[in-house]
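Before any comments, here is the structure.
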Amino acid sequence: MRLDKYLKVARLIKRRSVAKDIADQGRIDINGKTAKSSSDVKSGDELTIRFGNKTTTIEIERIVETTKKDEAEHMYRIVSEIYAQDFSNNSK
């Protein structure tokens with residue numbers, strides 16, 4: 001299955017067009033290699049997705065063409081979520 005479609009079906013990203021844009025900006029890796037939106041994904045692959053100050057790493061457990069909202073969370077397992085340090089100066 002294409003990367004952009006998987007991200008939408010698994011409900012990791014709400015719209016396929018947004019998933020395509022993020023992938024084509026080089027913000028998604030598959031097994032450590034930068035991926036394009038058209039890259040194929042399969043069970044066992046590890047995805048690293050960079051959203052702003054958050055980096056999420058997931059492992060693909062299942063691939064299905066369509067799924068209901070309740071079943072989407074069973075398509076992957078979150079390996080890690082890392083938040084970049086907040087550099088804003090809020091202390092006075």
Verdict with reasoning, Lys42 to Asp45, per side chain to side chain contact (heavy atoms under 4.5 Å, CB included): CA-CA 6 Å; Lys42 58 188 180 309; Asp45 282 351; 3.2 Å; yes

Side chain to side chain contact (heavy atoms under 4.5 Å, CB included) assessment of Lys54 paired with Glu81: CA-CA 7 Å; Lys54 177 176 139 182; Glu81 284 186 325; 3.5 Å; yes

Working for side chain to side chain contact (heavy atoms under 4.5 Å, CB included), residues Leu47 and Leu7: CA-CA 10 Å; Leu47 303 181; Leu7 294 170; 4.1 Å; yes

CA sep, side-chain torsions, deciding dist, call: Thr67, Arg11, side chain to side chain contact (heavy atoms under 4.5 Å, CB included): CA-CA 9 Å; Thr67 186; Arg11 290 175 168 76; 3.7 Å; yes

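Closest heavy-atom contact between Ser43 and Ile63: N-CD1, 4.0 Å. Of all the heavy atoms in Met75 and Tyr6, the pair that sits closest is O-OH, 2.8 Å. Counting all heavy atoms, side chain and backbone alike, Lys8 lies closest to Lys14 at CG-O, 3.9 Å. Contact record, Ser38 with Arg2: CB-NH1, 3.5 Å, taken as the closest heavy-atom pair. For the pair Ala10 and Ala72, the tightest heavy-atom approach, listed with the atom from each and the gap, is O-CB, 3.6 Å. Of all the heavy atoms in Gly52 and Arg27, the pair that sits closest is N-NH2, 3.9 Å.
Here Lys68 does not pair with Asp70 in a salt bridge; the nearest charged N to carboxylate O distance is not below 4.0 Å. A salt bridge links Glu65 with Lys5: at least one charged nitrogen is closer than 4.0 Å to a carboxylate oxygen.
For the pair Arg50/Asp29, a side-chain contact is recorded, criterion being any heavy-atom separation below 4.5 Å from C-beta on. A 4.5 Å side-chain heavy-atom check between Lys36 and Asp24 finds at least one atom pair inside the cut-off.
Distance CD1/Ile13 to CD1/Ile28: 5.0 Å, rounded to 0.5 Å. Atoms CD1 and CG, on Ile60 and Leu3 in that order, are 7.5 Å from each other to the nearest 0.5 Å. One distance of note links CZ of Arg77 with CZ of Arg62; it measures 15.0 Å at 0.5 Å rounding.
Note on Val79 and Ile49: separate hydrophobic clusters, where clusters join Ile, Leu, Val, Met, Phe, Trp and Tyr whose side-chain heavy atoms are under 4.5 Å apart, directly or indirectly. The hydrophobic clustering, which links ILVMFWY residues whose side-chain heavy atoms are closer than 4.5 Å, places Ile82 and Phe51 apart.
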